[in-house]
Each structure stands twice: as structure tokens, then as C-alpha cells.
There are 2 protein chains.
Amino acid sequence: MGRGHMARRNTNRRVGIADVAEKAGVSHATVSRVMNGNAAVDPGIAARVRAAAVELKYQPNPVGRSLALGKTDTIGIVVPDLANPTFQAILRGLSIAAAQDGYRVLIADSSEVTSEEAILAGEARRRCDGVVLCAPRMGDAELEELAPTLHPLVLINRTTIATNTPSLSVDYGQGIQELAQHLVTLGHRRLAFLSGPEHSASNRQRLVGLDQFRAEHPEIELQMLHGGSNFDSGHESTEAIIASGATGILAFNDLVAMGLLSGLHERGVRVPEDISVTGFDDIPFAKYTTPPLTTAAVPINELGSLAWRRMREQIQQAGETTTQAQDEFPPRVEIRKSTAAPALTPAS
Amino acid sequence: MGRGHMARRNTNRRVGIADVAEKAGVSHATVSRVMNGNAAVDPGIAARVRAAAVELKYQPNPVGRSLALGKTDTIGIVVPDLANPTFQAILRGLSIAAAQDGYRVLIADSSEVTSEEAILAGEARRRCDGVVLCAPRMGDAELEELAPTLHPLVLINRTTIATNTPSLSVDYGQGIQELAQHLVTLGHRRLAFLSGPEHSASNRQRLVGLDQFRAEHPEIELQMLHGGSNFDSGHESTEAIIASGATGILAFNDLVAMGLLSGLHERGVRVPEDISVTGFDDIPFAKYTTPPLTTAAVPINELGSLAWRRMREQIQQAGETTTQAQDEFPPRVEIRKSTAAPALTPAS
DNA sequence: ACGCTCTGAGAAAACGCTTTCTCATGATTC
DNA sequence: GAATCATGAGAAAGCGTTTTCTCAGAGCGT
């Protein structure tokens, strides 16, 4: 009666620690102790408690635990677009690796809306023990400001000036140069780059890489065409590509390349006989296009699991602000069937 | 001093409701009231509190809120394999729809390990306000037993006997029959079905559909070949398919069909001239294979968002155990270029 | 001017757990 | 046999909120 005014709810409530305690004839504290194996508790009592727990099917309430322990065993990931296979693969790798250590992942999709990123990341951080920010589109200044507030943070495809947040990145500049070089080695002299999203840092890196390539190969023509990041944009660029007269096409990524492949096929342009096409990322599908796509492979699966490892390191060494690993992966050119020597008599 | 033995941590702690209360010269309760806009509070005081909140950048701790409110504003989803584009699309649709209502999603990948499903689902449920179980591989009995304990639950690709848990399903049996019919109409007389995972309910539905098809078309030869659910299994089946002598192949899903397409291409078998191939699901890539894949389109994007809608309905009408919607989607045959009339003089 | 209702703010309980503090019991030692 | 110590269990504080309860004071009618 005098137990409190909220006793009414006790009827249809979930079984709690108190129920187990009562059934086992001990206190809450003892139940907690045996559930967590913390302090030494008399084996007999422990057994009694465990029996009561299984009988009542007691499962500790994670929210209560989180509040008491100050951790949620959950990490958040924010991605620009969950439809992108690259991010899907990272998410998957992260999720599986985290699960192995008993962590779960909460997802947030910013749908390429730059202004949402900071908000989503903040919310995720408050709910989770850490956040991985995947290819954020926000500006450098904003990122620099946001990073410290997110602290257990790992960055993918971006870096901060302060080196105390680990980052994972792919050397897109290097990769695109190698692909260009591959085409030149085959004999191509007229190339075109089908560029990606404006705010994508990885797109900028490709452009920088291509600038360098141009400087080293002044004899090669290299056109820049505006594109996007998905099939449809690749497909839509078909006419522009044909009109460009280029024989070697560097697509922003595999998706764009696949869209283009499809468009060229429809137009009766043969790949690689008439035009060579390269992708980027080596998504699982790249191996199965017709023809199989020459691309620069980024270790898409490792990225997710390494992100988790970096996150775990930070969570464990809580507090110590040491400088963190800045991992950079070199892409590996994967030569398949979508590239070949150009026809002997080019159209020009 | 006498405030308690845990006062030490107060230094580097996050700003809490108490800090705001102190700064504004009011009590916690009042801060809570203005933050939640619940009870009426004097406009002057409210303004003061709000000012203090923004100045301190106060953001309520979600774990504390969750404990007090008994809800987490999070739902869980458990999928058999995050690498499967179908599940990725569902996840994405779910996530985006839920986000619109201020909910987040926690993911759990069972990696096709049947025995993990129940555990993952239970854990997810305890952390979240509801769970969507996506194409669970567990047996009917186990599912039936588990369902009530998960309660705000929505099932995808499975149903329970008790109709109080909403389910979303696709009529795979119907879809596969229509695809078979399509092939027959084109003139094919020798078909083969490349089947999927043993424990997949949707695979069983396809088999049932094909049994019916056989009954209605005794004159058609229909072989059953063992396969899997991803490209590689499709690719590996290439030889068996060629050996079968069938001219019309019904692949378990688009992934398998794509693997097969690639394998046939390598072997110099022309599609659709020599062999026709169909997929299932109409994943985004299906439109861009060479040749574009004839398949049965399931409304993959709607599935996720509808799942959220059904979940929301349950969360809102908390308690009332009415019977829930059992949505069934008819697949729509999408005829592309991977199917055509068989050659006039079949090999047999 | 008195008593009544009403508004609104603070005190405190509650959410479900972990962990420190405290103290009783039984074992150990001289 | 008494003092010391180790062991282990219960009481209670604490995690950060929300919400009920309670009550002071303002406004109103008669």
C-alpha cells in the first residue's frame, strides 16, 4: 500500500531484477552481482539466483543497465545514401565486426542532405558509445568543429587536421591515375572522366589525381564530363560520352560505369572494342557485368571491420587523447574485360 | 560535500538537466517541463530556461529519457544476410520511413545462422520499441512461439497462425508461375528451376507454385536444380544448366540469374538466343545487366516503408490486440531482354 | 475581506539497474 | 578465549530523466 503511487503498473510489467530477488530470497544487489559475475557470491546462493532467473526468464533491461553503466554497447553510423553498395558493404562489415564484440549498430541515412549530417551524427552520438561518419559531405570547417563533440569517432573517406580521430581512407587520386595509365598503356589517347557528386571528397581526390596525370601526360586528351554517383546518371551520360569521341572512359564509380555499359549496349556501341570503360570500387556486381568491369578495387569489406577495430580501440582507451591511426588504402587495379586496345582507326 | 560519494565525476561530465536548472534558477522539473512543452509554465521562466539550455548546449540524455518514458524511439530489424540487395532495400526503406517519424533503426544480421535469429530478435526487442523480422529462417513452431514475446513485431516474408502480428509477404508462388508461363508462351518446352536456400520460406513458396504449374502443364518438362541465393551459386551452376538441356531457366532470384548470365557469357552461350533466363525481385541492378533481366518485380522499396507503417500502427495502439493487416504483394512480371523464343531447332 | 479555485513551481518518487558503503557472521590467529 | 580479519549480503546512493504529488500564492466571487 504505502509502497508508492506507481505500484499499479506492477501487474502487466516485464519481469525485473526485483522479481528475481524476491523469488530467490535475496536482495537486488545480489542478483545483480550474480548476473554480472562481479563480486564473489556464495555458490549456493548464486545457484539459487540463477535458477530463479531462468525460471522467470529474467533478462536485464538494457536501458537500465545503460543508464547505470554509462554505456549502451551500441555505435552509430551515418552514411550519405544507404542505396550505395559501397556504404552498404561498409555498414555490413561494421555490423558484423561489432556484433562479434557484443556491440550493435544504429544507422542514420542523411539522404545526401548535407545539413542533416551534423544533426544526425549528434543524435546518434548521444544514443551510442561512438559514431562512424562515413564519407560526410559537410565542409571541412564544419567537420573540424563537429569532430571533437562526437569523440569516439572514426572517419571514413575524410580526415581532420587534428590527428586524434582515426580515419580510414582510400587513395582515390592514386587509383584513378592508375586506371588512366592502364588505358594509356593499352593505346588510348582520348580519355574522358565522368565525375561524381559535387560535394564528395572522394570526387575531389579523383580530380586532383587526374590533374597530376595530365601534367605527366600532356599528350593525352582528357575531357571532364559532369555525372553523378548512380546507374541512372551513367546511363544518362551515354550520348555525351559517344559525342565526346573519347575511346577510354573513366567512370566515377562502378555504378556509373554499369549505367554507361548498359547505355552503350543499347546504342550498339561495343565494349571494349569501340570504347573502353573503367569503374571504381569493385562492388560485388562488377565481376558480373557484361563485359566484366575493369575497376580499381577498394577493400570494401575490410573498411567496415577496420572501422570497428579503430572504434573499439578508442572505446577501450577511454580518455587518453593519443594520436590515432590514419589508415590509407591503396586501390588495386582489377583488369577485366571492359578495357582493351582501341580500334586501329579511331573515328577522329 | 555531503552530496554523495559520486560527486567526483561531476567535473568532466556532460551537461545535464541539473546544470540548466541551476543556471536558470529553477528546478529540474521545470526544465523538463519546458523542454517537453508539457504543462503550462510561465512564459518568462520558460524563456529563461530555454536561454540557459541553448547557452549550455543542453541536449537531454536519451537513455535517461528512455528509462523514464519506457520507450527508446528505436526499432530493430533482423535480417538473414545484409549482403542481399533485397534486404538492403528493405532496411533502407524502413530506415527512411522510420526516420520521418523520429525513430531510428538498429540492425542485426544473423548471417543465415538460424539458431541466432531468436536470440538476436530478443535482444533487439529489449533495446527497442519493436522488431521487424525479415525473412526469418527459423522453423514455424519456433516462430509461432517467439512472436508473442516480441510483440510490437512485423513479419516480412513469413506469417503466423495467430493473426495479431502484421505480416508483409510477396506471392512468390504466383510470381514464379507467371514467369514460367511467360517462358512457355514464348515457346519453351524444357524449363529448369535453380532453387534457393533450403530454409527459405520464399523458396518453398516457389516450389509450391511450380508444383501447381506442373499440374496445369503436364506437357512441359521442368527440372529442379540445387542452387543458392547469390551470384556465386548462379555462376557455379552454369555447367549443370547447360547439361540440363533446358532452354528456359527460372533462377531463384536476380543475383543467381546474374551469376548464371555471367557464366553463360563466358561459355559462349548466348542469352536469350540459346537460353532464356529469368530472375526474381527486380533489384536495381536487374535493369542494367546485359541483356537486361526479365524478372518478377517485388515492390522492394515499398516493403520497408510499409513495414514501418505497420509497426507504427502497433506502437500507437499499444495494448489493443486487434487482428493486424496481412499484406500480400503480387509480383509483377517485368519482361526485358533475357528471355525470347527458343531457337527453332532445339538441341534435343 | 474572507474563502475558494486555479495556476504554476518545487520536492520527491519512479523507471531498472550497478556499485559503493556498511555491517554481521564466521574464520583465523596469538 | 578474545581480538583481528576476511567474506559476503543487504541498504542505499547514483545514473538522467519524467511525472505525480504537494503546496504557495495569485485571482476571483460574494
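Chain letters run A, B, ... following the sequence lines, proteins first, then strands; residues in each count from 1.
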Open item on the list: Rounded to whole Å, how long is the line connecting atom CG of A:Leu69 with atom P of C:dT20?
Closed with: 11 Å
Open item on the list: What is the distance, to the nearest angstrom, from the CZ atom on B:Arg65 to the P atom on D:dC15?
Closed with: 20 Å
Open item on the list: For the helix from C:dA1-D:dT30 to C:dC30-D:dG1, what angle separates the axis at the start from the axis at the finish, each from five pairs, in steps of 10°?
Closed with: 50°
Open item on the list: Are there over 12 heavy-atom neighbours, none belonging to A:Glu22, within less than 6.0 Å of that residue's CD?
Closed with: no
- [ ] Could you tell me the separation between the CZ atom of B:Arg33 and the P atom of C:dA11, rounded to a whole number of Å?
- [x] 11 Å
TODO: Let me know which of A:Glu116, A:Glu142, A:Glu112 forms a salt bridge (Lys or Arg N to Asp or Glu O under 4.0 Å) with A:Arg137.
DONE: A:Glu112
Open item on the list: Both A:Asn61 and B:His28 contact DNA chain C. Which one's nearest nucleotide lies toward the 5' end?
Closed with: B:His28
Task: Donor-acceptor contact present, side-chain A:Thr160 to main-chain A:Ala162, <3.5 Å - done: yes
TODO: Could you check which of C:dC15, C:dG10, D:dG10 has an atom nearest any side-chain atom of A:Ser27?
DONE: D:dG10
Open item on the list: Let's test your reading of the model: under 3.5 Å, does the base of D:dG16 pair with the side chain of B:Arg14 as donor and acceptor?
Closed with: no
Task: Sole residue of A:Leu82, A:Leu120, A:Leu91 in side-chain contact (heavy atoms from CB on, under 4.5 Å) with A:Asp109 - done: A:Leu82
TODO: Can you sort out the partners of A:Tyr103 under ring pair (Phe, Tyr, Trp, His ring centres under 6.0 Å), two or more places apart, ordered by chain and number?
DONE: A:Trp308
- [ ] Tell me what A:Val63 touches on the nucleic acid: a base, only sugar-phosphate, or nothing, going by heavy atoms under 4.0 Å.
- [x] nothing
Open item on the list: Please check this pair: side chain of B:Gln314 against backbone of B:Leu153, looking for a donor-acceptor N/O pair closer than 3.5 Å.
Closed with: yes
Open item on the list: Measure CD1/A:Ile45 against C1'/D:dG8 and give the value in whole Å, please.
Closed with: 8 Å
Open item on the list: How many whole angstroms separate atom CZ of A:Arg48 from atom C1' of D:dG8?
Closed with: 13 Å
- [ ] Give one of base, sugar-phosphate or nothing for B:Thr30, where a contact means two heavy atoms less than 4.0 Å apart.
- [x] sugar-phosphate
Task: Residue whose nearest DNA chain D nucleotide is more 5′ - A:Pro43 or A:Ala29 - done: A:Pro43
TODO: Round to a whole Å and report the spacing from CD1 of A:Ile17 to P of C:dC17.
DONE: 6 Å
Open item on the list: Using OP1 and OP2 only, check whether a side-chain N or O of A:Tyr58 sits under 4.0 Å from C:dG16.
Closed with: no
Open item on the list: Distance check needed: C:dT25 P versus A:Asp42 CG, whole Å only.
Closed with: 16 Å
- [ ] With A:Ser167 as reference, evaluate A:Arg310, A:Arg158, A:Gln326 under the side chain to side chain donor-acceptor pair (under 3.5 Å) test and give the passing residue.
- [x] A:Gln326
Task: For atom CZ of B:Arg126 and atom P of C:dG16, their distance in whole Å - done: 14 Å
